Amino acid sequence: MGIKAEEISTLIKQQIANYQSELEVSETGTVIRVGDGIALAHGLDNAMAGELLQFENGVMGMAQNLEAGNVGIVILGEYLGIKEGDKVSRTGRIMEVPTGDALIGRVVNPLGMPVDGLGPINATTTRPIESPAFGVMARKSVHEPLQTGIKAIDALVPIGRGQRELIIGDRQVGKTSVAIDTILNQKGEDMICIYVAIGQKESTVRGVVETLRKHGALDYSIVVTASASQPAPLLYLAPFAGVSMAEEFMLQGKHVLVVYDDLSKQASAYRELSLLLKRPPGREAYPGDVFYLHSRLLERAAKLNETYQNGSITALPFVETKAGDISDYISTNVISITDGQIFLQSDLFNSGVRPAINAGLSVSRVGGAAQIKAMKKVAGTLRLDLAAFRELESFAQFGSDLDAITLSKLERGKRTVEILKQDLNKPLKVEKQVMSLYALTRGFLDDIQYKISFVSNKNS
């Protein structure tokens, strides 16, 4: 069989016609220094802020410091296998996390990877962890109530959907309990809850997950955990991962509650990162942008208008104080960003008042607009009555003779304190709260004998 020149030329012409020139260019740098979870790389001149970078052993990093001669990279994982001279390449992707319904009911780390042993998560969408907050014109004023199921909060410091309400207090005064009860009370309320545990013990996070599972709350919740044993970059990223997951639901017109437990540990992790990256320290060695760290996180909580399907993100950030000092750096920063604070006092907690909410120092700046009319009517004077009772109580300790009106006010105050006490993991529906407070404020409980109760609160 002879070879025909025409066939050969036809084949060559077909090959030339179908030829596609694909040139793949990847920018690669070299590690010049590594240690304490931070790597310095040379040769990544076009790297973007927050870009994901990959080391040659497969570990991922995130570009933080962009300087003329090198790039400071925070390593998102085990850094002991990375050494000087290793190659690090750009991915062209900004740090992002998986989002969507596939995450509901799961426990994940700040990178969106499952840590609950229930197999992979088949998420189809992702969102960058850093995104600008919605502007003024996209927002709507807070007007829908978020019922926590806790009488002392729903009556005295009400929270609305789209609000940012700080929960502040010393360690072991029931801050986490307030958040868990609020999540449990969202059952059947068409609310998705995201609990972000930052720097917690893994056993504590496990306890929270089991409580949510036992009460059926895991069916509408996501738990994001960066435990105390994790590297500082993951503790820094955890709240941003949580709010990015929440934004996906908010843009679908859904309502989301995000709990950050707690932001003082995130600030400490960010301080560690900044000092290792040789950034100049400021007050208490925190970097100068620690205020911006929390403001750009909390500003992403919003109540959106009809253009964005009326979705909302409600934020409950936690800050841990030392010896009840709410005037320290991080506390005052977060107080100035949020729409109010709930102050939990250790003295009240130790005396058996649980939840240990200090009504005098707690305030909700916008929640009053979201409070239902029935609750507003029965709880209108409750805060003033409670403040007057605390004042009278201190005078009554001197044992002086008191007139009948003062004695009746003292008795009413004692009953108010008792009725605001609540057992752990037993949130009350708002209609039952209104009934009990109506009976109290209208004097129907004045003649009833009572015994001071010591409410149990194991999970603080």
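Side-chain atoms are counted along with the backbone in the values below, which use heavy atoms only and exclude waters and symmetry mates. Values in this document were obtained by computation on a predicted structure and should not be read as measured data.
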task: Give every residue pair that meets the ring-ring contact (aromatic ring centres under 6.0 Å, His included) criterion with at least one member in residues 166-213, sequence neighbours excluded.
output: none
- line: ring pair (Phe, Tyr, Trp, His ring centres under 6.0 Å) filter on Tyr329, not counting sequence neighbours, yields Tyr286
task: Using only heavy-atom distances, determine whether the side chains of Ser229 and Ser227 contain a donor-acceptor pair under 3.5 Å.
output: yes
field: Electrostatic pair Asp325:Lys322 at N-O distance under 4.0 angstrom
entry: no
query: Which residues satisfy the side-chain hydrogen bond (donor to acceptor under 3.5 Å, both in side chains) test with Ser312, sequence neighbours excluded?
result: His255
- prompt: Which pair of non-hydrogen atoms, one from Thr332 and one from Ile326, has the smallest distance, and what is that distance?
  reply: CG2-O, 3.7 Å
message: Looking at every heavy atom in both Pro114 and Gly119, which two are closest together, and how far apart are they?
response: CG-O, 3.5 Å
field: Listed once per pair and sorted, the ring-ring contact (aromatic ring centres under 6.0 Å, His included) pairs that draw on residues 70-98, sequence neighbours left out
entry: none
field: Residues that Tyr270 engages under ring pair (Phe, Tyr, Trp, His ring centres under 6.0 Å), provided they are two or more places apart
entry: Tyr236
message: Quick one, Leu344 with Ile168, criterion side chain to side chain contact (heavy atoms under 4.5 Å, CB included). Give me CA distance, side-chain angles, the key distance, then yes/no.
response: CA-CA 6 Å; Leu344 301 176; Ile168 186 168; over 6 Å; no
message: Within the structure provided, determine whether Gln341 and Arg365 are in side-chain contact (heavy-atom separation under 4.5 Å).
response: yes
message: Just checking Lys429: does its NZ atom have more than 12 heavy atoms from other residues, nucleotides or ligands closer to it than 6.0 angstrom?
response: yes
task: Only pairs at least two apart or in different chains count here, so list each ring-ring contact (aromatic ring centres under 6.0 Å, His included) that has a residue in residues 85-130.
output: none
task: Show your reasoning for whether side chain to side chain donor-acceptor pair (under 3.5 Å) applies to Thr125 and Thr99.
output: CA-CA 5 Å; Thr125 56; Thr99 56; 2.8 Å; yes
field: side-chain hydrogen bond (donor to acceptor under 3.5 Å, both in side chains) partners for Gln147, two or more places apart
entry: none
message: Quick test of your reading: applying salt bridge (charged side-chain N to carboxylate O under 4.0 Å, His left out), list the pairs with at least one residue in residues 329-345, sequence neighbours left out, ordered by first then second residue.
response: Arg164-Asp339
query: Is Arg127 salt-bridged to Glu247, going by a charged N under 4.0 Å from an acidic O?
result: yes
task: Please say whether more than 12 non-hydrogen atoms of neighbouring residues, nucleotides or ligands are located less than 6.0 Å from CE in Met48.
output: yes
Nearest heavy atoms of Pro317 and Thr338, plus distance in Å: CG-CG2, 3.9 Å
field: Within-4.5 Å side-chain heavy-atom neighbours: Leu237 and Leu76
entry: yes
- prompt: Does any donor atom in the side chain of Ser244 or Arg300 lie under 3.5 Å from an acceptor atom in the other side chain?
  reply: yes
query: How would you list, by chain and number, every residue that makes a ring pair (Phe, Tyr, Trp, His ring centres under 6.0 Å) with Phe134, sequence neighbours excluded?
result: Tyr308
message: Does Lys432, at its NZ atom, have more than 12 non-hydrogen atoms belonging to other residues, nucleotides or ligands within less than 6.0 Å?
response: no
- request: Evaluate the criterion salt bridge (charged side-chain N to carboxylate O under 4.0 Å, His left out) for residue pair Arg213 and Asp116; output intermediate values, then yes/no.
  value: CA-CA 13 Å; Arg213 183 177 282 120; Asp116 52 8; over 6 Å; no
query: Can a salt bridge be assigned to the pair Glu202 and Arg206 using a cut-off of 4.0 Å between side-chain N and carboxylate O?
result: no
field: Donor-acceptor pair between Ser89 and Thr28 side chains, under 3.5 angstrom
entry: no
message: Just so I know, are the side chains of Leu166 and Ile342 near enough to count as touching, which here means a heavy-atom distance under 4.5 Å?
response: no
query: Is the shortest distance from a Lys or Arg side-chain nitrogen in Glu130 or Arg296 to a carboxylate oxygen in the other one below 4.0 Å?
result: yes
message: Counting neighbours of CZ on Arg390 that are heavy atoms of other residues, nucleotides or ligands and sit closer than 6.0 Å, is the number greater than 12?
response: yes
- request: Name all residues meeting the side-chain hydrogen bond (donor to acceptor under 3.5 Å, both in side chains) criterion together with Asn358; count only those two or more places apart in sequence or in a different chain, and write none if there are none.
  value: Gln345
query: What's the shortest heavy-atom distance between Ile183 and Val259, and which atoms?
result: CD1-CG2, 4.4 Å
- request: Determine the sole option in Val31, Val34, Leu53 for which the side-chain contact (heavy atoms from CB on, under 4.5 Å) test with Ile73 is passed.
  value: Leu53
- request: Carefully, step by step, assess Leu52 and Arg90 under the rule side chain to side chain contact (heavy atoms under 4.5 Å, CB included).
  value: CA-CA 7 Å; Leu52 273 177; Arg90 289 183 58 196; over 6 Å; no
query: With a 4.5 Å heavy-atom cut-off, do Val319 and Asp262 have their side chains touching?
result: no
- line: Note: Ile198 and Gln266 closest approach over all heavy atoms is CG2-N, 4.0 Å
task: Taking side chain to side chain contact (heavy atoms under 4.5 Å, CB included) as the test, write out the residues that go with Asn65, two or more places apart.
output: Glu67, Leu277, Arg279
message: side chain to side chain donor-acceptor pair (under 3.5 Å), that's the test. Do Asn185 and Thr148 meet it? Break it down for me.
response: CA-CA 6 Å; Asn185 198 54; Thr148 64; 6.0 Å; no
task: Apply side chain to side chain contact (heavy atoms under 4.5 Å, CB included) to the pair Phe291 and Ile337, showing each step before the final yes or no.
output: CA-CA 9 Å; Phe291 180 88; Ile337 299 164; 3.9 Å; yes
query: Is Glu391 atom CD crowded by more than 12 heavy atoms from other residues, nucleotides or ligands, each under 6.0 Å away?
result: no
message: Per the ring-ring contact (aromatic ring centres under 6.0 Å, His included) rule, what does the pair list look like for residues 28-47, sequence neighbours excluded?
response: none
query: With a 4.5 Å heavy-atom cut-off, do Phe240 and Leu297 have their side chains touching?
result: yes
- prompt: Given Ile159 and Ile153, is the side chain to side chain contact (heavy atoms under 4.5 Å, CB included) satisfied, shown in steps?
  reply: CA-CA 8 Å; Ile159 300 171; Ile153 293 176; 4.1 Å; yes
- prompt: Does any non-hydrogen side-chain atom of Gln163 lie less than 4.5 Å from one of Ser364?
  reply: yes
query: Do Thr225 and Asn109 meet the criterion of a side-chain donor-acceptor pair at a distance under 3.5 Å?
result: no
- prompt: Is the number of heavy atoms from other residues, nucleotides or ligands under 6.0 Å of Glu56 CD greater than 12?
  reply: yes
- request: Give a yes or no on whether a salt bridge exists between Glu51 and Arg93, defined as a side-chain N under 4.0 angstrom from a carboxylate O.
  value: no
task: With salt bridge (charged side-chain N to carboxylate O under 4.0 Å, His left out) as the test, would you mind laying out the steps for Arg271 and Glu284 before giving the verdict?
output: CA-CA 9 Å; Arg271 173 171 60 183; Glu284 293 179 28; 5.2 Å; no
- prompt: Under 4.5 Å between any side-chain heavy atoms of Ile167 and Phe343, yes or no?
  reply: no
- request: Locate the shortest heavy-atom distance separating Thr314 from Gly160; write the atom from each residue and the value.
  value: CG2-O, 3.7 Å
message: If the threshold is 4.0 Å, N to carboxylate O, is there a salt bridge linking Glu299 and Arg139?
response: yes
